[in-house]
Number of protein chains: 2
Amino acid sequence: MEMKALSKASTIYEVAQRAGVSIATVSRALRDSDLVTADTRAKVRAAAAELRFTPNRSGRSLAEGRHAANGIVFPDLVGPYYAEVVLGYEEAAAAVGSSVLILATHGRADAAAAVQELAGRVDGLAIMGQTVGDDVVRDIAATGLPLVLLARDPVPGVDTIRTRNERTAGQLTEHLLGHGHRGFAFLGDPAGSPDVAGRYTGLAAALRRHGLIPPAPVPCGLDLDSGERAARGLLTRPPDAVVCANDEIALGVHLAAERRRIHIPGDVAVTGWDDLMAARFAHLTTVAQPMRELGTVAARWLHRRIGERAARTGRPTAVRRRVLPTQLVVRRSCGTHPSEVHR
Amino acid sequence: MEMKALSKASTIYEVAQRAGVSIATVSRALRDSDLVTADTRAKVRAAAAELRFTPNRSGRSLAEGRHAANGIVFPDLVGPYYAEVVLGYEEAAAAVGSSVLILATHGRADAAAAVQELAGRVDGLAIMGQTVGDDVVRDIAATGLPLVLLARDPVPGVDTIRTRNERTAGQLTEHLLGHGHRGFAFLGDPAGSPDVAGRYTGLAAALRRHGLIPPAPVPCGLDLDSGERAARGLLTRPPDAVVCANDEIALGVHLAAERRRIHIPGDVAVTGWDDLMAARFAHLTTVAQPMRELGTVAARWLHRRIGERAARTGRPTAVRRRVLPTQLVVRRSCGTHPSEVHR
DNA sequence: GTGAAAGCGCTAACAC
DNA sequence: GTGTTAGCGCTTTCAC
């Protein structure tokens, strides 16, 4: 049967009429309810196909009282870091039938409003890092919307997933000390993010254990350019080792050193954090984080909370906290140990 | 005034009651209609704030007949490539008040169903690369939903944005020929994506112009591992130059060469495509694409089409096609020219 | 300027 | 099994 192109999406009423049944039957047939005969189902499916019918999600959501969608809020997607988290989140959410809404705050001033609006569109929300203040988190949590915080300091009553910073930063420091480095610099702003704070704390603690005085952190944005800029000052009289809050900063230092013909690790050791793909090719010693898993776990936790809420089954599970392990990845930039295997 | 935590999102009715007005007035006040006095507006705002009221989007969407959300479909987010596009898209969409829904198909078999379902949630949809077949695109287009295809062969009646492949691949080839390379290999599957096909075509055409016989392409996935695997066979007897369909493949070749102590570019020249961050640190000659812009333009076009549709203003604008320029980025991996500036 | 009421497209009782 | 119908939460005429 020839069809003319439709300029407007068709509704369940049209499908019902075409199939010669009621809208209730269409609804049932299309959602594989076992309250319809195979015959009816086929008839309805045929009509729906002819009309290229796709149920309007707003109608369905309103009736069901759920959105079948989750949201994730992150500062940006420029580095590969957040992209990985989002991907893991999307994958796990899709696996349980949820769509995913993303929101990049870009440090916008109206981020709070955007997150609030997002909260009205989803059944659960993951909030990463320093995107909005604790007040916003508390407000949203107060509405009962399932929430999970990612790579961010906990807020009472809200689930949180983080990655291990202090301990691994300690290991990294020990490793650098093992290379004989004694003069350290730290590039990054502990006040800007709890992750950075944890990394600095771990470094400082390890140095103190060895009787060394930790350097004051050199405040620095988390991107390549900031790293390069910050390195300019630092490299006029390079320390033994520059511990960077993340890979992008370290890569920026790498570029600055290259430009000045300062050799890494001969003249100065450099380390990063995140294990980006670029780190491998810059031979950067760094710390690998399970970013994908961060997203996956967040989506699973949310799914569970959403289920709990829908079931209205008494008190929900206690607040959950998890710290995912991270792993030191030794490459050349921290100093050369003949005994070490570089990959 | 003290408030107890709410376990359920409040509705416009509760706000209306608290403010002592009708729901119509609440609706108006909250959306800054000038049909309410400043006094009333203040009263309503206060009530809404106390109740932590966020309008339910399903209700609003249903009433307005629009979702205020756009979707974007991509195969994956693993490489930094798609992440950039998505980011550009999100940014531009957010700027015009649209939320963004993402869908990664991961080569899933039920991708078509997922895309169809997504189509029912959005006012416009961007579809990237080889995520779903043309039949799905045509079906969705037939419903009248504004659509834009990204990095993909056009479908009649649907807007398309691509990046330049053939011409720049020709420039790249000329450059390699200028280094004196004559024996070429191409890593990538032209049948797998129109982008790859264009790059291969550009290479082949340039070689023919110089009286050389183009090599048959070596089929290869677009990720690092595939590149490394494909390189293993190739590097037993390396050609002069290996032109890779993207950076990840080229970086895989880089790793394989490193392992075999084959020197780039001394023993073999290698080039990529995309200009990922890692390419810079691997000194990879490649081609930069305006990925962010791809997303931005897509979101803008969709916004325009959505406007046209809502206005029902006669015939819509003609189908649009755009090819965004790409740019050769020369680094060390293609061969050393003393005269060239490397960055 | 404000309120009453009619939908928007769908699901889910409830009736038959 | 299938149909009827009452909402879901919101926007938007239409009265006043």
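Letters A, B, ... mirror the listed sequences (proteins, then strands); counts begin at 1.
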| field | Closest to the R60(A) side chain, choosing from dC10(C), dG1(D), dT11(D) | value | dC10(C)
| message | At less than 3.5 Å, do the side-chain atoms of Y13(A) and the base atoms of dC8(C) form a donor-acceptor pair? | response | no
| query | Just how far, in rounded Å, is C1' of dA12(C) from CZ of R31(A)? | reply | 8 Å
| Rounding to a whole Å, what distance do you find between D123(B):CG and dC8(C):C1'? | 14 Å
| task | For S58(B), report the nucleic acid contact type (base, sugar-phosphate, nothing); a contact means any heavy atom under 4.0 Å. | result | nothing
| remark: A69(B) and L101(B) have their tightest heavy-atom pair at CB-CD1, 4.1 Å
| query | Side chains of T296(B) and R292(B): is there a donor and an acceptor less than 3.5 Å apart? | reply | no
Do any N or O atoms of the protein come closer than 3.5 Å to N or O atoms of nucleotides 14-16 of chain D, and which pairs are they?
none

| query | To the nearest angstrom, how far is I23(B) atom CD1 from dA5(C) atom C1'? | reply | 9 Å
| With respect to the phosphate group of dC8(D), does any side-chain polar atom (N or O) of S61(A) fall under 4.0 Å of OP1 or OP2? | no
| Under 4.0 Å: is that the gap between some side-chain N or O of T11(A) and OP1 or OP2 of dG9(C)? | no
| remark: Atom CZ of R57(A) and atom C1' of dC8(C) are separated, to the nearest Å, by 16 Å
| note | On a heavy-atom basis, the closest approach of T131(A) and P75(A) is CG2-N, 3.3 Å
| query | Between dG3(C) and T25(B), is there an OP1 or OP2 to side-chain N/O distance shorter than 4.0 Å? | reply | yes
| Between C1' of dC10(C) and NE2 of H67(A), the distance in whole Å | 15 Å
| task | For T40(A), report the nucleic acid contact type (base, sugar-phosphate, nothing); a contact means any heavy atom under 4.0 Å. | result | sugar-phosphate
